[in-house]
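Everything on this sheet refers to the single structure shown next.
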Amino acid sequence: MRPPLRGWFGRGGGQAVNIQAADEFRATTVQVCGLYPFSVGTGTPMIGVPLGKNLATGGSVCCDPISWFQRAQLIANPSVFVLGKPGLGKSSLTRRMATGLAGYGTLPLVLGDLKPDYVDLIEALDGQVITLGRGRGYLNILDPGEAHDAATRLTAEAARIERTMRRKGADRPALKAEAARIRRLGAQVLADAHGRRHTMIAALLTILRSEPPTDREETILDRALKWLDEHHHGIPVLADLLAVIQAAPDELRQVALDRGDLDRYRAITENLEASLIGLTTGGRLGEVFSRPTTTPMRRDRPVVYDVSSIDDSESDLQAAILLACWSAGFGTVNVATALADAHLEPRRHYFVILDELWRALRAGRGMVDRVDALTRLNRARGVGLAMISHTMSDLLALATEEDRMKARGFVERAGMVICGGLPGAEMPQLTAAVPMSAAEQAMLASWQDPPAWDPSTGHEAEPPGRGRFLIKVGGRPGIPIRVELTQAELAVNDTNKLWHATSRAGRDHTHSPTRTAS
């Protein structure tokens with residue numbers, strides 16, 4: 001027996017809604033395709049890192065900024081901006097992309113892990129973990145890294161080509177042009193290293209003083225760095241730079257315009273000396289930048305800079321160390337690019353992750369401009385970029401209107417934007433940068449609802465938006481997905497390790513003195 005269309009009648013029965021059957025048409029595939037309105041959309045691309053299942057169709061979704069830019073050519077910029085409330089899986093989504101891209105041969109670089117969220121992943125990928133902080137590790141901002149060694153290799157390669165050019169029967173014009181090109185690469189590597197060191201010193205002085213150095217001070221610093229490169233043996237540190245300025249060689253006195261008066265030179269460089277003394281002997285920024293680099297960064301393995309030991313209250317130190325990590329990381333990328341252009345090493349692509357971006361932007365002056373430069377040059381450097389923040393309000397809560405406009409541009413210029421659960425109040429700001437339909441906005445708002453209570457266990461159930469994201473590319477309809485982690489990923493995706501053990505507030509009797517009975 002089967003119930004009628006409206007269900008069983010009588011006590012205990014119920015009326016069901018009668019859904020009218022759809023009209024059926026029969027025709028050839030050429031004719032009937034015009035009747036279908038294609039309201040659902042086409043299938044998602046199967047190129048890139050497998051992220052999860054499509055919530056609308058159940059199909060697999062593969063997506064990452066480098067594959068969609070390089071192989072699928074779906075986006076114009078290999079970058080992704082991830083937005084969502086805390087605890088919904090933004091870092092897990094980015095780690096999934098980093099893991100998959102590592103399998104494709106792209107090296108993940110986490111240039112400043114403030115939590116940390118990526119140390120376990122990089123260790124699992126046999127990468128390099130560099131710990132920085134007070135008493136934990138040092139990063140010498142005057143260290144050119146591998147720039148000098150790379151320039152030496154490039155010069156030697158140019159000389160080898162020139163020797164080949166002297167042989168009979170060689171294509172001399174082509175070899176001459178190739179040798180000149182490789183020599184230019186070597187000069188560019190050295191010039192880039194000099195510029196990065198100069199920029200980092202100026203940035204540290206800006207953070208320390210809360211104002212940028214004067215034009216005369218920057219000229220003195222530039223000439224002092226060149227003097228060190230010519231006369232100093234080994235890798236200099238900030239104390240060596242300070243000693244050069246105090247020694248007052250003729251090259252520095254000329255650019256300082258002391259008019260032949262040593263006392264005038266002392267007066268001109270007094271503030272600069274005081275700032276460098278503060279960077280070399282401690283102070284607000286500590287001694288993190290005043291000693292030789294503890295662990296040099298490698299360019300052939302995944303790398304994470306673990307700076308989680310720096311407290312949030314030390315915003316100036318956070319800003320300085322993040323700038324130093326970014327400078328060192330992109331300096332290594334430039335060296336790898338130059339060696340690959342000279343065919344001395346294989347081409348390597350990098351996936352740079354800037355997690356907790358809002359904390360980096362608020363850390364100090366100059367941070368917004370630095371990130372702005374990265375978002376504009378990452379495609380030319382052969383680097384994919386992932387930026388992660390909570391809400392648009394975090395990006396627009398900066399001090400000046402100029403910085404707020406630049407921060408909104410990060411989202412607008414991103415090749416793709418992936419959104420998790422967001423409050424409804426965020427939608428006007430978000431849709432101003434990323435067009436979204438009313439249904440998509442309602443979906444994002446529903447994902448940020450709090451979890452329900454499980455009456456049987458007395459614990460909260462999983463939040464409704466955990467692992468759910470909407471992939472947006474330009475004005476196209478979004479792709480809703482659900483990310484499900486594998487067992488191998490769960491071990492390196494736990495950001496709540498400190499909450500697994502139950503807190504015990506009682507007295508520790510294991511180390512207390514033994515009481516004697518009276």
### Query
Does NZ or CZ of Arg71 come closer than 6.0 Å to the centre of the six-membered ring of Tyr104, within 45° of the ring's axis?
yes
### Chi angles and distances behind the side chain to side chain donor-acceptor pair (under 3.5 Å) call for Arg209, Ser275
CA-CA 8 Å; Arg209 299 176 174 181; Ser275 299; 2.9 Å; yes
May I ask you to decide if [Y]'s main-chain N or O and [X]'s side chain share a donor-acceptor pair within less than 3.5 Å?
X	Y	value
His390	Gly84	no
Asp306	Val129	no
Trp326	Gly112	no
Ser327	Leu323	no
Glu217	Thr214	yes

With a 3.5 Å cut-off and no angle check, do the side chains of [X] and [Y] form a donor-acceptor pair?
X	Y	result
Arg196	Thr199	no
Asn334	Thr337	no
Asp355	Ser91	yes

Residues [X], [Y]: salt bridge by 4.0 Å N-O rule:
X	Y	result
Asp117	Lys90	no
Asp261	Arg259	no
Glu489	Arg95	no

### Task
Sort and list the pairs that fulfil salt bridge (Lys or Arg N to Asp or Glu O under 4.0 Å) and have at least one residue in residues 122-140, not counting sequence neighbours.
Asp126-Arg301, Arg134-Glu314
### Task
Return each pair, listed once, that meets salt bridge (Lys or Arg N to Asp or Glu O under 4.0 Å) where at least one residue sits in residues 328-353; pairs must be two or more places apart or across chains.
Arg153-Glu345, Arg299-Glu345, Asp341-Arg347, Glu345-Arg348
Once rounded to the nearest 0.5 Å, what's the spacing between atom [atom1] of [X] and atom [atom2] of [Y]?
X	Y	atom1	atom2	value
Ile245	Leu221	CD1	CG	5.5 Å
Ile277	Leu272	CD1	CG	10.0 Å
Leu241	His232	CG	NE2	11.0 Å
Thr106	Tyr350	OG1	OH	10.5 Å

### Query
side chain to side chain donor-acceptor pair (under 3.5 Å): which pairs involve residues 154-163, sequence neighbours left out?
Glu157-Arg160, Glu162-Arg183
### Query
So with a 6.0 Å cut-off around CD of Glu401, is the heavy-atom count from everything else above 12?
yes
State, with a plain yes or no, whether a side-chain heavy atom of [X] is found less than 4.5 Å away from one of [Y].
X	Y	answer
Pro292	Ile235	no
Leu114	Ser308	no
Val434	Phe81	no
Trp227	Asp250	no
Val304	Ile130	no
Val417	Leu470	no
Leu111	Leu322	no
Ser79	Arg413	no

### Message
Could you work out, with side chain to side chain donor-acceptor pair (under 3.5 Å) as the rule, every residue matching Arg291, not counting sequence neighbours?
### Response
Tyr138, Glu287
### Under the side chain to side chain donor-acceptor pair (under 3.5 Å) test, residues paired with Ser290 that sit two or more places apart
none
### Task
Report the C-alpha distance between Asp64 and Ser67 in whole Å, list the side-chain angles of each, state the deciding distance to 0.1 Å, and finish with yes or no for side chain to side chain donor-acceptor pair (under 3.5 Å).
CA-CA 6 Å; Asp64 68 78; Ser67 299; 2.8 Å; yes
### Summary
The salt bridge (charged side-chain N to carboxylate O under 4.0 Å, His left out) partners of Glu402 (sequence neighbours excluded) come to Lys406
